[in-house]
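The structure appears below as structure tokens.
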Amino acid sequence: MSYKIAIVGSGSWGSALAQILSDNKHEVLMYDIDDKIVTEINKDHTNKSKLGSSKLNEDIKATKDLTKAIDYGEIILLAVPTAVVRLVLSEINKVIKEPKLFVNVAKGIEPETFKRVSEIVYEEIAEAMIKGYVVLTGPSHAEEVVIGMLTLVTAASNNLDDAKLVQKIFSNKTYFRVYTSTDLIGAELCGSLKNVIALASGMAYGLKFGDNTLAALITRGLLEIKRIVLVLGGKIETVYGLSGMGDLIVTCTSHHSRNFQAGIKIAQGKNLKQTLSEMTMVVEGARTAVAAHQIIKEYKISAPIMEGVYDIVYKQKDVKKAISKLMSRSLKPE
Ligand SMILES: NC(=O)c1ccc[n+]([C@@H]2O[C@H](COP(=O)([O-])OP(=O)(O)OC[C@H]3O[C@@H](n4cnc5c(N)ncnc54)[C@H](O)[C@@H]3O)[C@@H](O)[C@H]2O)c1
């Protein structure tokens, strides 16, 4: 069965997901506020600033008209940076006329409120207009997906039937396979928090640390993610699954990762403003580092790597001094 899907946000991930959906014979209408991107997708079937020369299927269309996109989609796929999710949802709420299934792929936690995107959806969209909510998350760089490299992710929802529907729509037999989960909290938290550890990993790479350091960061970073997930109600299996360990590994080791790249720039002495101004795509870890710092304080969780990242990024602490502080902590059992 073919579905009509509106993709809100035509950046690198929105475009790669459009390609999967089109390959799977669904009908796609993309939406973005950026005129240039919309025109380029319609005219040249590319999104060069986000995905280089990769070609998108010709049946993928884009629009700048939000009402048209929302009317079109039976399913609304959210692919905008989390910093604008609340704003975009409030705009959607003004134009949505019938209940739709919301699928989100943005990864982040809102500072101050500690809200996950699912919670923001239920705050901003009238309840009668929400058929359900699913997060699609896991180790998946757009640059690889768009050229058909084999990728596995998780569709998590409080409603297993909704997760199964998303699994069916996105999976194919060649390069994209989706697993289901009912641990929405765990999947959303893991996908967001791994970006903070990726910043640390980029910093270590920028300072020319080796593979031992990277392995240590991933292992101890996963432990910090686990502590937060368990305190906030997520499940341990999720931490060790695709949306947890899987996504952490890819984001800490891949040069496609924007958070990893941003970490390298910070290690080279650039401040956050300079770093973000040099990135062409969103660096979610910078914002989630604030939320993580607040959560760690509020719930008294031990997460020294995430705290180190916060100090470096927001308190201008020297990276080497932050590492020295980490290494000088009291010795403890694993
Ligand atoms: N790129 C990936 O490989 C990847 C993979 C998995 C998850 N994600 C997540 O997906 C989300 C989007 O990432 P991305 O890489 O596609 O980012 P991106 O920077 O490439 O694209 C974001 C898009 O959102 C659009 N946008 C910004 N504000 C908007 C608004 N108010 N209304 C409509 N459109 C708006 C921008 O014009 C841009 O086209 C992030 O949370 C990211 O963590 C990305």
Side-chain angles (χ1 to χ4, degrees), residues 6-20 29-41 46-52 54 56 62-70 76-92 94-95 103-110 116-117 120 124 135-147 149 151-155 170 176 178 187-188 190-196 198-199 242-243 246-248 250-251 254-262 276-288 291:
I7 303 184
V8 176
S10 309
S12 92
W13 196 213
S15 301
L17 290 166
Q19 184 77 353
I20 301 172
L29 181 61
M30 305 183 73
Y31 160 81
D32 206 283
I33 38 162
D34 188 329
D35 231 347
K36 219 173 125 257
I37 288 181
V38 168
T39 308
E40 189 189 333
I41 291 172
T46 55
N47 191 342
K48 285 208 170 93
S49 65
K50 308 284 186 181
L51 288 172
S54 291
L56 298 174
T63 179
K64 264 199 78 182
D65 182 341
L66 182 63
T67 308
K68 188 174 165 192
I70 300 304
I76 310 297
L77 178 63
L78 301 168
V80 289
T82 50
V84 300
V85 153
R86 200 177 269 287
L87 172 80
V88 171
L89 286 166
S90 74
E91 295 299 318
I92 293 175
K94 289 181 198 154
V95 299
V103 180
N104 169 57
V105 294
K107 295 172 177 175
I109 306 169
E110 192 170 62
R116 294 169 281 108
V117 175
I120 300 175
E124 295 296 333
V135 63
L136 189 66
T137 181
S140 48
H141 285 309
E143 296 84 346
E144 294 188 2
V145 168
V146 80
I147 54 169
M149 285 191 169
T151 302
L152 310 183
V153 299
T154 302
F170 281 87
F176 206 74
V178 183
E188 287 188 300
C190 284
S192 307
L193 293 166
K194 56 93 194 180
N195 283 331
V196 184
L199 284 170
L242 288 165
S243 59
D247 211 356
L248 181 67
V250 83
T251 201
S254 168
H255 285 258
H256 291 311
S257 163
R258 279 72 55 75
N259 295 281
F260 180 83
Q261 292 294 347
L276 296 183
S277 72
E278 289 174 17
M279 307 291 296
T280 51
M281 290 172 261
V282 63
V283 178
E284 291 281 14
R287 187 163 178 268
T288 296

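Predicted, not measured: the structure shown is a model, and the values here were computed from it. Every number for a ligand or one of its atoms is a count from 1 in the order of the listing.
- For the atom pair OG1 (Thr151) and CD (Glu144), the distance works out to 6.5 Å, reported to the nearest 0.5 Å.
- When the options Val105, Leu17, Asp247 are ranked by their closest heavy atom to atom 10 (O) of ligand 1, first place goes to Val105.
- Side-chain contact between Ile37 and Lys50 is present, with heavy atoms from C-beta onward closer than 4.5 Å.
- When only non-hydrogen protein atoms are considered, atom 5 (C) of ligand 1 lies nearest to Ser140 O, 3.1 Å.
- A heavy-atom distance below 4.5 Å is not found between the side chains of Pro139 and Leu152.
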Derivation and outcome, side-chain contact (heavy atoms from CB on, under 4.5 Å), residues Ile92 and Leu78: CA-CA 11 Å; Ile92 293 175; Leu78 301 168; 4.0 Å; yes
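- Here the protein heavy atom with the shortest distance to atom 13 (O) of ligand 1 is Val282 CG1, 3.7 Å.
- Proximity of Met30 to Ser15: side-chain heavy atoms (C-beta onward) are separated by under 4.5 Å at one or more points.
- Between Ile33, Val38, Asp32, it is Ile33 that holds the heavy atom closest to atom 30 (C) of ligand 1.
- Near Tyr31, meaning under 4.0 Å from any of its heavy atoms, are these atoms of ligand 1: 33 (C).
- Contact of the Lys64 side chain with the Asp35 side chain is registered, since non-hydrogen atoms from C-beta on lie closer than 4.5 Å.
- Residue contacts with ligand 1, taken as heavy atom pairs separated by less than 4.0 Å, involve Ser10 solely via the backbone atoms N, CA, C and O.
- Contacts between Arg258 and ligand 1 below 4.0 angstrom, taking non-hydrogen atoms only, involve the side chain exclusively.
- Proximity of Val145 to Ile20: side-chain heavy atoms (C-beta onward) are separated by under 4.5 Å at one or more points.
- Contacts with ligand 1 closer than 4.0 Å are made by heavy atoms of both the backbone and the side chain of Lys107.
- The nearest protein atom to atom 21 (O) of ligand 1, hydrogens excluded, is given as Gly11 CA, 3.1 Å; this is a heavy-atom distance.
- Numbered from 1 in the order shown, with element, the atoms of ligand 1 that lie under 4.0 Å from a heavy atom of Val84 read 28 (N).
- When heavy-atom distances to ligand 1 are checked against a 4.0 Å cut-off, Ile37 comes that close only through its side chain, counted from C-beta outward.
- With Pro81, Ser49, Gly9 as candidates, the residue nearest to atom 22 (C) of ligand 1 on a non-hydrogen basis is Pro81.
- Inclusion of Asp34 in the set of residues having an N or O under 3.5 Å from an N or O of ligand 1 is not warranted.
- At a cut-off of 3.5 Å, with distance as the only test, no side-chain donor of Thr288 or Asn195 sits close to an acceptor on the other residue.
- Contact annotation: for Val88 versus ligand 1, heavy atoms closer than 4.0 Å belong to the side chain alone.
- Between Ala79 and ligand 1, no pair of N/O atoms sits closer than 3.5 Å.
- For ligand 1, one of its N or O atoms has an N or O atom of Ala142 under 3.5 Å away.
- The shortest contact between atom 8 (N) of ligand 1 and any protein heavy atom is with Trp13 CD1, 3.4 Å.
- Among all protein heavy atoms, the one lying closest to atom 42 (C) of ligand 1 is Glu284 CG, 4.1 Å.
- Taking the six-membered ring where the residue is Trp, Phe176 and Phe170 present tilted rings, their angle falling between 30° and 60°.
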Decide side-chain hydrogen bond (donor to acceptor under 3.5 Å, both in side chains) for Thr46 and Glu40; before the verdict, give the C-alpha distance in whole Å, the side-chain angles of both, and the deciding distance to 0.1 Å. CA-CA 6 Å; Thr46 55; Glu40 189 189 333; 2.7 Å; yes
